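No experiment lies behind these values; they were computed from the predicted model shown. Computed from heavy atoms alone, side chains included, the values below leave out hydrogens, waters and symmetry copies. Chain identifiers are assigned alphabetically (A, B, ...) following the order of the sequence lines, protein sequences preceding nucleic acid strands; residue numbering begins at 1 within each chain.
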Protein chains: 2
Amino acid sequence: MSEREPKPGRPPRAVDVAAAAEVSTATVSRVFNNPEKVAPAIRERVLAAAKAMGWMPHAAGSALARRRSSIVGAVIPTLDNEVFAAQVGAMQAAFAERGITLLLSCFNYNQDQAVHDVQAMLARGVEALAIVGEAHRPELFASIQARHIPYVVTYSHRPGSPHACVGFDNRQAFHTIARHLLDLGHETIGVIIQPTAGNDRVAARLDGVRAALAERGLGVRPQHLREGEWSIDFGRQSVRAILATDPVPTAVICGNDYLAVGALLEARAMGLSVPRDLSITGFDDIAISRQLDPPLTTMHVDNHEIGRRAADYLLACLEGERPAAMPPLVPTLIRRGTAAAPDLPARPA
Amino acid sequence: MSEREPKPGRPPRAVDVAAAAEVSTATVSRVFNNPEKVAPAIRERVLAAAKAMGWMPHAAGSALARRRSSIVGAVIPTLDNEVFAAQVGAMQAAFAERGITLLLSCFNYNQDQAVHDVQAMLARGVEALAIVGEAHRPELFASIQARHIPYVVTYSHRPGSPHACVGFDNRQAFHTIARHLLDLGHETIGVIIQPTAGNDRVAARLDGVRAALAERGLGVRPQHLREGEWSIDFGRQSVRAILATDPVPTAVICGNDYLAVGALLEARAMGLSVPRDLSITGFDDIAISRQLDPPLTTMHVDNHEIGRRAADYLLACLEGERPAAMPPLVPTLIRRGTAAAPDLPARPA
DNA sequence: ATCGCCGATGTAAGCGCTTACATAGATCGC
DNA sequence: GCGATCTATGTAAGCGCTTACATCGGCGAT
């Protein structure tokens with residue numbers, strides 16, 4: 001094997017490997033893309049030469065020639081939420097298995113940022129896109145569709161959505177959780193939730209709660225509704241505020257577990273007994289939730305599964321399949337220790 | 001403006017835009033890369049044509065021609081740890097500002113996986129790399145160095161490391177925390193820590209603890225040392241195991257906050273009073289730590305800062321600078337509620 | 001033996017973009 | 001008013017790879 005490096009400083013190119021292995025660049029390329037088309041002896045020679053000079057096909061070159069980038073993009077609000085981090089981790093793993101690279105971008109709940117990120121990814125030649133939520137500027141979806149690339153919306157599953165989606169019905173989920181509290185006997189229920197503006201998932205959640213209450217002739221009083229950033233701290237201050245209202249709710253539904261954790265911790269810090277004095281529910285079942293005392297009643301969502309399914313769907317599209325619409329995932333109610341029947345004073349009448 | 005699309009199905013190319021704007025492709029390229037070199041009138045024409053046909057420079061093509069990919073890679077153990085997620089988020093943001101795209105890969109604490117990931121990224125033409133930790137196979141660093149691309153190791157800052165690093169001295173940090181406990185009067189100290197094998201950061205932490213104890217003529221007894229996955233659950237079971245030994249430690253140092261949270265929760269569940277019966281310390285200051293009751297005594301590390309610095313360092317390298325070695329970050333001890341003087345029986349003598 | 005066929009390899013034309021170099025007006029000084 | 005000097009634009013040569021097509025042997029069938 002005569003693999004003297006050709007131009008010392010420069011990284012090797014396919015032609016260098018070809019020269020070293022005494023074959024053409026076509027054969028080198030075939031060895032890496034269609035090995036079965038190359039005689040074993042030659043294949044070994046090429047592999048040896050490549051390894052000796054540390055060569056690997058240069059992605060930009062092959063992307064250009066092949067007209068495929070082998071890159072897909074994930075557009076999420078933030079990695080600071082364990083839920084999205086899990087989804088991204090799962091997608092990354094699923095794609096890596098197929099030799100596909102994941103491009104990540106966090107739009108921080110800013111719709112303009114999301115549009116910008118998507119366009120940047122399109123310029124990068126992503127072959128597919130996964131996007132959290134469907135409440136985005138129309139031009140976001142328009143620019144994806146203009147490129148005719150497959151995409152999937154995650155965490156939403158609104159019946160009648162025009163997008164392929166991997167998620168669950170947020171409205172239904174919160175209907176379920178509200179119903180749970182209602183069935184336990186609660187009638188005055190507070191809600192601590194993320195900003196609904198520009199967030200379809202959250203809006204649907206609130207909607208689900210209202211619908212469930214309405215079915216029993218109840219509603220969420222304005223003073224019992226707190227909307228703000230999903231953080232433990234906002235959960236804390238909200239529960240404090242809600243408990244200072246009249247009438248005092250016997251239960252609080254939180255838009256996610258971070259809020260619920262805050263609510264739980266603050267309620268306990270205030271000397272309340274949970275769930276006796278106040279029931280609290282969360283959503284997502286983040287890692288800490290089951291650990292608290294009492295452990296949080298919440299709904300479990302399999303975020304890794306969402307990531308995996310989104311990846312599988314996109315992968316199928318890239319194989320040229322036209323996968324059927326996926327059935328929604330169904331979050332499961334996890335009854336733990338923070339929701340129980342209210343400890344009501346004896347009812348009059 | 002006569003921008004009839006040339007080949008209907010196909011995405012537009014620079015030449016299409018050039019035709020529409022009645023200029024050459026060189027000018028189109030300049031408009032997007034060196035706008036100041038193009039007369040304003042023409043610039044507008046090109047921009048208008050590009051917008052009309054939804055054209056953006058194709059990254060693979062320009063990467064090839066420019067011999068720059070504008071991609072950098074981040075190699076981390078997992079996104080499931082809030083610490084790394086934060087670092088990645090910060091890097092992504094810093095790079096996005098400069099038009100650089102972040103490629104992500106999670107090696108799940110598997111060294112072979114890390115080597116593989118790095119090589120895949122190199123093939124993708126990353127221009128720089130950030131890698132968590134320095135305990136990696138030699139070929140990992142060898143292949144990066146062979147490409148002569150800048151890289152930085154994060155979360156480690158071993159004096160004398162051959163790599164550029166953005167991190168802190170793990171040994172020193174744990175020396176500090178152990179010293180804190182020692183100064184409080186603890187003499188029997190347990191340790192719950194992540195696997196040290198193949199993890200330089202963790203090994204250094206344990207080392208720091210041992211060194212601090214040794215300075216007082218103390219040591220960690222084997223039955224007081226628990227090594228395992230960093231999870232809340234492992235923290236729980238470890239504290240239970242350690243409390244069943246003899247002598248019972250009066251304090252437990254945990255390798256990170258997840259372990260410490262588990263230890264704290266379990267100790268309380270066992271009916272112990274923390275810190276009276278047992279002091280517990282963590283490391284990282286994750287979001288939940290300050291929220292617990294009592295709030296966790298730990299060391300704060302600014303993970304966003306690490307991400308930002310790593311990004312800035314790499315960016316500087318890409319600008320051709322040869323940035324000076326960065327001083328280590330210094331984690332700060334956060335004295336909260338889980339570490340106090342031991343409640344010892346009156347000492348004999 | 002000869003022909004045709006097939007499988008293994010090589011040849012060369014791009015993929016879409018950037019940029020060194022060439023060119024052609026415009027501008028300026030004298 | 002003329003050449004020297006700029007500046008704005010165009011021309012065309014790649015960047016590193018893939019792949020359709022051409023080629024070349026070798027083999028089985030006749």
* Hey, is the main chain of A:N110 close enough, under 3.5 Å, to the side chain of A:N108 for a donor-acceptor pair? ->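 Here the side-chain-to-backbone pair does not exist.
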
Distance, rounded to the nearest Å, where [X] contributes [atom1] and [N] contributes [atom2]:
{"X": "B:R124", "N": "D:dC17", "atom1": "CZ", "atom2": "P", "answer": "14 Å"}
{"X": "B:R67", "N": "C:dT18", "atom1": "CZ", "atom2": "P", "answer": "12 Å"}
{"X": "A:L64", "N": "C:dC15", "atom1": "CG", "atom2": "C1'", "answer": "4 Å"}
{"X": "A:N34", "N": "C:dT9", "atom1": "CG", "atom2": "P", "answer": "13 Å"}
{"X": "A:M53", "N": "D:dG16", "atom1": "CE", "atom2": "P", "answer": "13 Å"}
{"X": "B:N33", "N": "C:dA20", "atom1": "CG", "atom2": "C1'", "answer": "15 Å"}
{"X": "B:R30", "N": "D:dA12", "atom1": "CZ", "atom2": "C1'", "answer": "13 Å"}
{"X": "B:F32", "N": "C:dC17", "atom1": "CZ", "atom2": "P", "answer": "10 Å"}

* Asked: Around B:H163, counting heavy atoms of other residues, nucleotides and ligands shown, do more than 12 lie under 6.0 Å from its NE2?
  ->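 Check passes, neighbour count above 12.
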
* Taking for each residue the nucleotide of DNA chain C bearing the nearest heavy atom, is the 5' side occupied by A:G61 or by B:A63? ->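 Looking at DNA chain C, the more 5' nearest nucleotide goes with A:G61.
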
* **Of B:T27 and A:R66, the one whose closest DNA chain D nucleotide lies more 5'** =>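 Checking each residue's closest nucleotide, the 5'-ward one belongs to B:T27.
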
* Can you tell me if the side-chain N/O atoms of A:S62 get under 4.0 Å from OP1 or OP2 in D:dC17? ->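 Checking D:dC17 against A:S62, no side-chain N or O comes under 4.0 Å of OP1 or OP2.
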
* Asked: OP1 or OP2 of C:dG10 less than 4.0 angstrom from a side-chain nitrogen or oxygen of A:T25, does that happen here?
  ->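 No.
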
Proximity to the side chain of [X] - top-ranked nucleotide from [options]:
{"X": "B:I42", "options": "D:dG14, D:dT9, D:dC17", "value": "D:dT9"}
{"X": "A:A14", "options": "D:dC17, D:dT11, C:dG10", "value": "D:dC17"}
{"X": "A:S24", "options": "C:dT19, D:dC17, C:dG10", "value": "C:dG10"}
{"X": "A:H58", "options": "D:dG16, D:dG10, D:dT18", "value": "D:dG16"}

* **Sugar-phosphate only, base, or nothing, as touched by B:A39 at under 4.0 Å among non-hydrogen atoms** =>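 Since only primed, P, OP1 and OP2 atoms lie under 4.0 Å of B:A39, the category is sugar-phosphate.
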
* Asked: Base, sugar-phosphate, or nothing: which does B:V38 touch, judged by heavy atoms less than 4.0 Å apart?
  ->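 Answer is sugar-phosphate: B:V38 comes under 4.0 Å of backbone atoms only.
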
* To do: Among A:R68, A:R67, A:R66, find the residue that satisfies the salt bridge (charged side-chain N to carboxylate O under 4.0 Å, His left out) test when tested with A:E127.
  =>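 With A:E127 as partner, A:R68, A:R67, A:R66 yield a single salt bridge (charged side-chain N to carboxylate O under 4.0 Å, His left out), made by A:R68.
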
* To do: With the side chain counted from C-beta on, respond yes when A:V38 and A:V46 share a heavy-atom pair under 4.5 Å apart, and no when they do not.
  =>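 SC-SC contact between A:V38 and A:V46 ruled out.
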
* **Distance-only side-chain donor-acceptor flag, B:S156 / B:E134, under 3.5 Å** =>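 Not at all, the side chains of B:S156 and B:E134 share no donor-acceptor pair under 3.5 Å.
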
